[in-house]
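Remember, it's a predicted structure, so these values are computed and weren't measured experimentally. Numbered from 1 within each chain, the chains take letters A, B, ... in sequence-line order.
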There are 2 protein chains.
Amino acid sequence: MPAAPALGHGRARCTTCMMRNICMAASLEAGEMARLDSVVQGWRSVRQGERLYRAGDPFRSLYAVRAGSFKTVVAPERGKETISGFYMAGDSIGMDGVCKETHNCDAIALEDSVVCVIPFHLLEALCREIKPLQRQLHKMFSAEIVRESRQMMLLGNMSAEQRVAAFLLNVSARYRERGYSATSFVLRMTREDIGSFLGVTLETVSRTLSKFQQEGLLTVQGKTIELLNLDALDAR
Amino acid sequence: MPAAPALGHGRARCTTCMMRNICMAASLEAGEMARLDSVVQGWRSVRQGERLYRAGDPFRSLYAVRAGSFKTVVAPERGKETISGFYMAGDSIGMDGVCKETHNCDAIALEDSVVCVIPFHLLEALCREIKPLQRQLHKMFSAEIVRESRQMMLLGNMSAEQRVAAFLLNVSARYRERGYSATSFVLRMTREDIGSFLGVTLETVSRTLSKFQQEGLLTVQGKTIELLNLDALDAR
DNA sequence: CGATCTGTTGACACTGCTCAATAGGAGTGG
DNA sequence: CCACTCCTATTGAGCAGTGTCAACAGATCG
């Protein structure tokens, strides 16, 4: 059956969402949050490996990750595709689509995931009424710019070891923000994904992790990581 | 004399500005453009080598480059500083400052330049009233995100030759957009700046330009470039 | 017109890529 | 539940593209 995208029709309930403090709803008062709720079209489930959207698709909505995680993949006309970001619950994706009203990358679920669908024209309308929401949206745009310029620094200047260390610390910090362990977690992406994101080969990622393990900075077992010495990683 | 920043006090006159079609005013009607004019605080001159703002400065305004050009420099706690972008007349800078209300990089004039100063809280207020302006601001944010993700692709995947070729073609296209020659121009930045932006050393930039010249793709004389074969450059 | 900054070119070293072989894990169907 | 397959990860060896260091030339600016 060529099913329509699975959309939840229950109300989004930002007010009870675990992610409300790091999501679009951050800094809104209860009444405002309810109005944001009302423009959220619903939820959409995306199975592992499925695409939430593809490069070239018309842009209509932003998506807030409610559960699960995604990677975004940019594919140039010629040349290899590259992973431009990893996103977990509480992050928003799709902002790259605004400027040409067309998505600029593929968003692929790294595990079975759920997103809130936020039609952009409704969000814009609401931002014209609710100043804190407008400010929050602008901050989210800006934060994405800053995140990317950090990544550019990483890609332009840092050694393979530094890149892997920075990546692990970044993942660690994001788990911590979300209330999970900062030192013990399971990576949802492959070595190839990590390598693509960091601008190195998957072999280099693997070797570097092994080396860090030998040096006692962490333990690796496949996708399971335990960080043993955050400071030493940071000193790379 | 510890002069206050040089602010022009004449009205900004978007309506007569050469850059109105690629700037924030793009897609506005005359009446709307006049209202944008009214929130532009004025002009500020920045001499070559001077900073428009520094990382850590409180964020208050966006800046539209009216004449001249800038580079933005990100300096991490540890490690080398990196050039994250080059901006010419018609481009806007400062959007990285919104998310933490603090500028995230230094913006340095590559030549004597003039910018329009646009206080952000006034711009936001106007965006709540003028839908096309709101949309344009969102597009500018998004375009910056897309530009950076292209740069990440370049830094992550491409060889030194490809990076230099892509850089030249990008500069070329931007001159063309602005009505200047796409094949003959003067670079305003040093080899070191280019290298930093492209994630290679200045020597590699220099060598690559020499190689392209030997192959008949272009001629170089210091900062003066003439592109002889855009297609061949693109084929790198 | 000297001092300093910027650009060019060469020689060499080293990081990280390529290619290759092997092992471990996850999912599938009998 | 096991056997099979496919995907992912690990590790090794050799090489190539860039970085590093150095010398010099050419611009630019006071």
* Asked: For DNA chain D, which residues in residues 185-200 of chain A have a heavy atom at a distance below 4.0 Å?
  -> A:Thr190, A:Arg191
* **For B:Phe212, ring-ring contact (aromatic ring centres under 6.0 Å, His included) partners two or more places apart** => none
* **For B:Ala160, all residues meeting side-chain contact (heavy atoms from CB on, under 4.5 Å), sequence neighbours excluded** => B:Val200, B:Thr204
* To do: Please identify each residue that fulfils ring-ring contact (aromatic ring centres under 6.0 Å, His included) with B:Phe141, with sequence neighbours left out.
  => A:His138, A:Phe141
* Structure fact -> Taken in chain and number order and not counting sequence neighbours, the residues that satisfy ring-ring contact (aromatic ring centres under 6.0 Å, His included) with A:Phe59 are A:His103, A:Phe120
* Structure fact -> Taken to the nearest whole Å, CD/A:Gln214 to C1'/D:dT10 is 12 Å
* CZ of B:Arg163 versus P of D:dG17: gap in Å, rounded? -> 14 Å
* Asked: chain B on DNA chain C: first and last contacting nucleotide, 5' to 3', under 4.0 Å to a heavy atom?
  -> C:dT6 to C:dA11
* **Over 12 non-hydrogen atoms of neighbours within 6.0 angstrom of CD in B:Glu192** => no
* List the steps and the verdict of side chain to side chain contact (heavy atoms under 4.5 Å, CB included) for A:Thr190 and A:Leu202. => CA-CA 9 Å; A:Thr190 67; A:Leu202 67 95; over 6 Å; no
* To do: Check every strand shown and say whether B:Leu209 touches a base, only sugar-phosphate, or nothing at a heavy-atom separation below 4.0 Å.
  => nothing
* Structure fact -> The side-chain contact (heavy atoms from CB on, under 4.5 Å) partners of B:Asp234 (sequence neighbours excluded) come to A:Arg78, B:Leu169
* Which sits closer to the 5' end of DNA chain D, B:Ala160 or A:Val220, going by the nucleotide each is nearest to? -> A:Val220
* If an axis is fit to five pairs at each end of the helix from C:dC1-D:dG30 to C:dG30-D:dC1, what is the angle between the two, to the nearest 10°? -> 50°
* Would you call A:Trp43 and A:Val115 a side-chain contact if the rule is heavy atoms closer than 4.5 Å? -> no
* A:Ser149 and B:Glu148: side chain donor to acceptor below 3.5 Å -> no
Determine all donor-acceptor pairs shorter than 3.5 Å in which one atom belongs to a side chain in residues 80-98 of chain B; sequence neighbours excluded.
from, atom 1, to, atom 2, distance (Å)
B:Thr82, OG1, A:Asn157, ND2, 2.3
B:Ser84, OG, B:Thr72, O, 3.4
B:Ser84, OG, B:Thr72, OG1, 2.9
B:Tyr87, OH, B:Glu144, OE2, 2.8
B:Tyr87, OH, B:Arg147, NH2, 2.9
B:Asp91, OD1, B:Arg178, NH2, 2.9
B:Asp91, OD2, B:Met88, N, 2.8
B:Asp91, OD2, B:Arg174, NH2, 2.9
B:Asp96, OD2, B:Asn104, N, 3.0

* Tell me, for nucleotides 20-30 of chain D in 5' to 3' order, what letter each nucleotide earns: B for a base near a protein heavy atom under 4.0 Å, S for only sugar-phosphate near one, - for neither? -> BB---------
* To do: Name all residues meeting the salt bridge (charged side-chain N to carboxylate O under 4.0 Å, His left out) criterion together with A:Asp112; count only those two or more places apart in sequence or in a different chain, and write none if there are none.
  => A:Arg47
* For residues 198-218 of chain B, pull every pair meeting salt bridge (Lys or Arg N to Asp or Glu O under 4.0 Å), keeping only residues two or more places apart or in separate chains. => B:Glu161-B:Lys211, B:Lys211-B:Glu215, B:Glu215-B:Arg236
* Asked: Is any side-chain heavy atom of A:Ser181 less than 4.5 Å from a side-chain heavy atom of A:Tyr175?
  -> no
* Asked: How do B:Val205 and A:Glu161 order along DNA chain C: which one's closest nucleotide is nearer the 5' end?
  -> B:Val205
